[in-house]
Amino acid sequence: MIAVSDNTSATELYRHVGDVGLSRLATRAKMRRFDVFGGSGTARVTAADLARFFARIDELTPARYRPYVRRLLSSVVAAQAWGIPEVSRPQWRTFFKGGWRKTSRGNLVHQVARLERGRLSVAIAVLTDGNPNDAYGRATVQGIAGRLLGG
């Protein structure tokens with residue numbers, strides 16, 4: 001579900017941890033406005049909360065799984081490596097996850113990343129909705145990331 005996004009895997013993971021497990025993780029990550037109610041697709045989150053989560057992802061991940069998680073988040077397939085990684089690489093080591101789907105407003109396109117360069121780490125989250133199409137949303141994410149990173 002990380003290297004290649006797919007809703008089936010996300011749903012299976014949700015069935016395993018449920019609302020309670022996701023809410024506990026959100027609390028540990030110091031997410032302030034996270035909410036979920038009955039399915040992985042019902043989660044409500046802010047860009048600030050996703051950035052908080054990615055900023056703390058190493059400390060939230062048990063040490064024995066940390067290399068695996070970091071490898072997954074840095075090896076997303078090329079077709080899904082749009083937006084932030086297009087702007088951040090190769091200057092930054094980039095760990096990221098994106099999400100997209102149709103909504104009543106149009107197309108929702110989200111992406112969150114942890115960027116590392118030497119001792120410096122930065123977390124970025126860009127959430128969009130109401131895009132006329134997926135390409136527009138991806139271009140928006142890329143444009144915002146470029147402005148944030150000075151590119």
Side-chain angles (χ1 to χ4, degrees), residues 1-18 21-22 25-26 28-31 34 36 39-103 105-151:
M1 154 177 117
I2 303 285
V4 178
S5 281
D6 78 275
N7 291 333
T8 302
S9 295
T11 299
E12 187 58 35
L13 178 63
Y14 172 78
R15 283 186 188 138
H16 181 69
V17 300
L22 289 177
L25 178 59
R28 285 188 57 223
K30 300 183 179 6
M31 296 169 80
F34 177 83
V36 63
S40 60
T42 67
R44 302 286 184 239
V45 67
T46 64
D49 277 345
L50 284 175
R52 281 185 196 94
F53 178 82
F54 264 64
R56 293 177 175 86
I57 200 156
D58 282 348
E59 68 189 66
L60 294 167
T61 304
R64 70 178 188 236
Y65 297 116
R66 206 167 292 143
Y68 176 66
V69 167
R70 290 173 66 84
R71 187 174 72 248
L72 286 176
L73 292 171
S74 63
S75 63
V76 174
V77 297
Q80 295 178 3
W82 39 265
I84 298 170
E86 289 179 301
V87 174
S88 63
R89 291 175 174 162
Q91 296 86 0
W92 296 86
R93 187 155 184 217
T94 304
F95 306 91
F96 70 99
K97 178 70 177 93
W100 56 95
R101 64 181 170 92
K102 299 270 187 206
T103 71
R105 296 179 180 176
N107 288 272
L108 173 148
V109 181
H110 292 349
Q111 200 170 61
V112 59
R114 178 186 172 101
L115 309 176
E116 298 176 351
R117 182 169 59 195
R119 292 186 187 185
L120 180 63
S121 68
V122 177
I124 297 173
V126 181
L127 310 183
T128 73
D129 196 359
N131 300 292
N133 55 55
D134 190 62
Y136 186 96
R138 291 177 184 207
T140 300
V141 171
Q142 182 178 359
I144 291 170
R147 285 168 183 81
L148 289 171
L149 296 174

- line: When every non-hydrogen atom of I84 is compared with those of A145, the smallest separation belongs to CG1-CB, 3.8 Å
statement: One should read off an interatomic distance between K102 NZ and N131 CG, to the nearest 0.5 angstrom, of 10.0 Å
field: Exercise: identify the closest heavy-atom pair between A123 and A51
entry: CB-O, 3.2 Å
field: S121 OG to R56 CZ distance, which is reported to the nearest 0.5 Å
entry: 11.0 Å
query: Any side-chain heavy atom of L50 within less than 4.5 Å of one from L127?
result: yes
- request: Return yes if some donor-acceptor pair links the side-chain N/O of Q111 with the main-chain N/O of W82 below 3.5 Å, else return no.
  value: yes
query: Taking atom CG of L115 and atom CG of L149, what is their separation to the nearest 0.5 Å?
result: 6.0 Å
Non-hydrogen atoms of R89 and T94 that approach each other most closely: CG-OG1, 3.6 Å
query: Heavy-atom distance under 4.5 Å between the side chains of F54 and L73, does that happen here?
result: yes
query: Which residues satisfy the side-chain contact (heavy atoms from CB on, under 4.5 Å) test with R119, sequence neighbours excluded?
result: none
task: Check for a donor-acceptor pair, side chain of R66 on one end and backbone N or O of T61 on the other, with a separation under 3.5 Å.
output: yes
field: Nearest heavy atoms of A113 and F96, plus distance in Å
entry: CB-CB, 3.7 Å
- prompt: Where do F53 and A29 come nearest, in terms of heavy atoms and distance?
  reply: CD1-CB, 3.7 Å
field: CD-CG distance between E116 and D58, expressed to the nearest 0.5 angstrom
entry: 6.5 Å
message: Tell me if a side-chain donor or acceptor on R114 pairs with a main-chain N or O of A55 at a distance below 3.5 Å.
response: yes
message: Could you tell me if the side chain of V122 sits less than 4.5 Å from the side chain of L148, heavy atoms only?
response: no
- line: In terms of heavy-atom contacts, Q91 and R117 come closest through O-CD, 3.3 Å
message: Applying side-chain contact (heavy atoms from CB on, under 4.5 Å), can you list everything that pairs with R28, at least two apart in sequence or on another chain?
response: L25, L60
field: Counterpart residues, side-chain contact (heavy atoms from CB on, under 4.5 Å), relative to T46 (two or more places apart)
entry: R33, A48, D49
message: Is it the case that the side chain of H110 and the backbone of T128 share a donor-acceptor pair, with hydrogens and angles ignored and the cut-off at 3.5 Å?
response: yes
